[in-house]
Visitor: 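Have a look at this one before I ask anything.
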Amino acid sequence: MPELPEVETVRAGLAPAITNANITKVEVLEPRSLRRHPGTVANFVAELEGKRVLGCVRRGKFLWLPLGNPEPTGLALVGHLGMSGQILLRTPIFEPDKLTRVIIHFESAGVAYEFRFVDQRIFGGLAIDHLSATEDGRSAGFCPEIAEDGWINSIPQSVAHIARDPLDANFDRTAVIRKLRTKNTGIKRALLDQGIVSGIGNIYADESLWRSKLYYDRPCSEISVAKLNELFEHVYEILVAAVKQGGTSFDEQYKNVNGESGYFSQTLNAYGQTGLPCARCGKLIRREAWANRGSHFCPKCQRR
DNA sequence: ATGGACACCTGTGGGC
DNA sequence: TGCCCACAGGTGTCCA
């Protein structure tokens with residue numbers, strides 16, 4: 001479900017409450033949500049209880065909370081929301097949320113809160129992972145609240161293969177475009193490849209391609225550098241606009257940490273618009289089955 | 001290198 | 001009302 005704008009909305013909501021908070025208790029209601037945790041459930045709980053949260057960092061669709069004891073331990077709580085994950089920040093008296101899988105109780109400035117990891121499909125999950133220095137020694141991800149220092153330049157091992165995203169201060173658009181020019185694969189497949197550029201999923205790929213008038217299966221190598229620059233300009237603008245609107249919600253699946261929906265769905269021009277007229281030319285938007293999912297595009301504006 | 005199939009899951013909505 | 005099918009914002013792995 002969530003792509004970069006939705007995950008960033010969660011990160012931005014979480015950061016002020018959880019930075020410098022102390023974890024008091026952890027409840028694992030659904031062990032499958034720890035599928036990617038290398039240890040046992042008991043070990044997961046033990047690694048968290050009594051620790052301090054140093055910050056909240058995001059790269060692409062991955063989030064992590066570096067941990068302290070209280071000094072940095074070199075470990076982080078890594079989270080991915082999968083297709084249906086949510087992180088809700090509640091006070092303990094707030095009614096239970098359906099499909100809650102893990103609850104992390106913490107105390108921040110003397111007030112008790114719960115970090116509730118809610119996930120319908122259990123494709124998302126939490127894990128404790130080791131941090132290691134980034135290759136270039138620069139900030140590992142997006143965390144504007146924190147100035148450069150030791151742990152911000154470290155990345156969880158399980159996230160190291162994820163490329164920087166377009167909102168990352170160290171994102172190198174020129175290098176990404178150079179790489180794309182060497183690929184014969186279709187442009188949408190490349191946009192969704194988190195090892196090339198991260199954060200883009202099915203919604204924002206379709207939206208960016210629509211705005212750039214590119215057919216999704218067009219081979220990367222035959223798109224000009226100028227056109228790819230235009231595409232990445234649109235990717236950036238769309239991601240920024242979506243973050244500003246709190247992400248895209250069209251059902252109960254995406255919520256911010258307060259349980260509220262984002263409203264970027266009102267701005268969509270391609271994704272989920274099957275059968276509706278293209279906002280540019282009036283031709284009906286089409287959906288094609290593609291890679292076990294759907295691709296939405298205007299057959300007139302986005303020619304093969 | 002590339003792409004397809006599939007595994008991991010639950011829930012919802014449409015058609016009959 | 002029930003049943004079956006299609007479909008859903010992702011990632012990782014295996015195999016031709």
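Worth knowing before you read on, the calculation uses all heavy atoms, side chains too, and leaves out hydrogens, waters and symmetry mates. Sequence lines set the chain letters: A, B, ... in the order given, protein chains first and strands last, and positions in each chain run from 1.
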Visitor: Would you call the rings of A:Y216 and A:W290 parallel, tilted or perpendicular, taking 30° and 60° as the class edges?
Guide: perpendicular
Visitor: Please state whether the phosphate of B:dA1, meaning OP1 or OP2, lies under 4.0 angstrom from any side-chain nitrogen or oxygen of A:K183.
Guide: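 Looking at the OP1 and OP2 atoms of B:dA1, neither is under 4.0 Å from any side-chain N or O of A:K183.
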Visitor: For this output row, return yes or no: ring centroids of A:F297 and A:Y215 closer than 6.0 angstrom.
Guide: yes
Visitor: Can A:R211 and A:E237 be counted as an ion pair, charged N to O under 4.0 angstrom?
Guide: yes
Visitor: Go through A:K283 and A:C301 one step at a time and tell me if the side chain to side chain contact (heavy atoms under 4.5 Å, CB included) criterion holds.
Guide: CA-CA 9 Å; A:K283 265 263 184 221; A:C301 296; over 6 Å; no
Visitor: Mind calculating the distance between CZ (A:F250) and P (C:dA8) to the nearest angstrom?
Guide: 9 Å
Visitor: Name all residues meeting the side chain to side chain contact (heavy atoms under 4.5 Å, CB included) criterion together with A:N20; count only those two or more places apart in sequence or in a different chain, and write none if there are none.
Guide: A:R52
Visitor: B:dA7 P sits how many Å from A:N292 CG, rounded?
Guide: 11 Å
Visitor: Taking CD from A:Q120 and P from C:dC7, how many angstroms apart are they, rounded to a whole number?
Guide: 17 Å
Visitor: Could you give the CG-to-C1' distance, from A:L99 to C:dA8, as a whole number of Å?
Guide: 15 Å
Visitor: When the P atoms of B:dA5 and C:dA6 are considered, how many whole Å apart are they?
Guide: 15 Å
Visitor: Output all residues satisfying side chain to side chain contact (heavy atoms under 4.5 Å, CB included) with A:S208, sequence neighbours left out; order by chain, then residue number.
Guide: A:L231, A:V235, A:I238
Visitor: Counting only side-chain heavy atoms from C-beta out, which of B:dG3, B:dC9, C:dC7 sits nearest to A:I122?
Guide: B:dC9
Visitor: On the nucleotide B:dG3, are OP1 or OP2 found under 4.0 Å from the side-chain N or O atoms that A:R189 carries?
Guide: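 Answer is yes, contact under 4.0 Å.
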Visitor: Report, as a single string ordered 5' to 3', how protein heavy atoms within less than 4.0 Å touch nucleotides 11-16 of chain C: B base, S sugar-phosphate only, - not at all.
Guide: SS----
Visitor: Rounded to whole angstrom units, what separation is found between the CZ atom of A:R101 and the P atom of B:dC8?
Guide: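 In whole Å, B:dC8 P and A:R101 CZ are 16 Å from each other.
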Visitor: Which value, in whole Å, describes the distance between the P atoms of nucleotides B:dC9 and C:dC4?
Guide: 22 Å
Visitor: With both distances kept under 3.5 Å, what pairs with B:dT12, Watson-Crick or G-U wobble?
Guide: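 WC or wobble partner is C:dA6.
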Visitor: Please tell me which of the listed nucleotides, B:dC8, B:dT2, B:dC6, lies nearest to the side chain of A:R35?
Guide: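 Of B:dC8, B:dT2, B:dC6, B:dC8 is nearest to the side chain of A:R35.
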Visitor: Looking at B:dC9 and A:F123: do their rings stack (centroid distance under 5.5 Å, interplanar angle under 30°)?
Guide: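 According to the criterion (under 5.5 Å, under 30°), no, A:F123 does not stack.
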Visitor: Whole-Å distance between B:dG11 C1' and A:D119 CG?
Guide: 12 Å
Visitor: Can you check whether A:R121 has a side-chain N or O nearer than 4.0 Å to OP1 or OP2 of C:dC7?
Guide: no
Visitor: Quick one: does A:C298's side chain get under 4.5 Å of A:C281's, heavy atoms only?
Guide: yes
Visitor: I need the CG-C1' distance between A:D97 and B:dT10, as an integer number of Å.
Guide: 17 Å
Visitor: Let me know the distance between CG of A:L34 and C1' of B:dC8, rounded to the nearest Å.
Guide: 15 Å
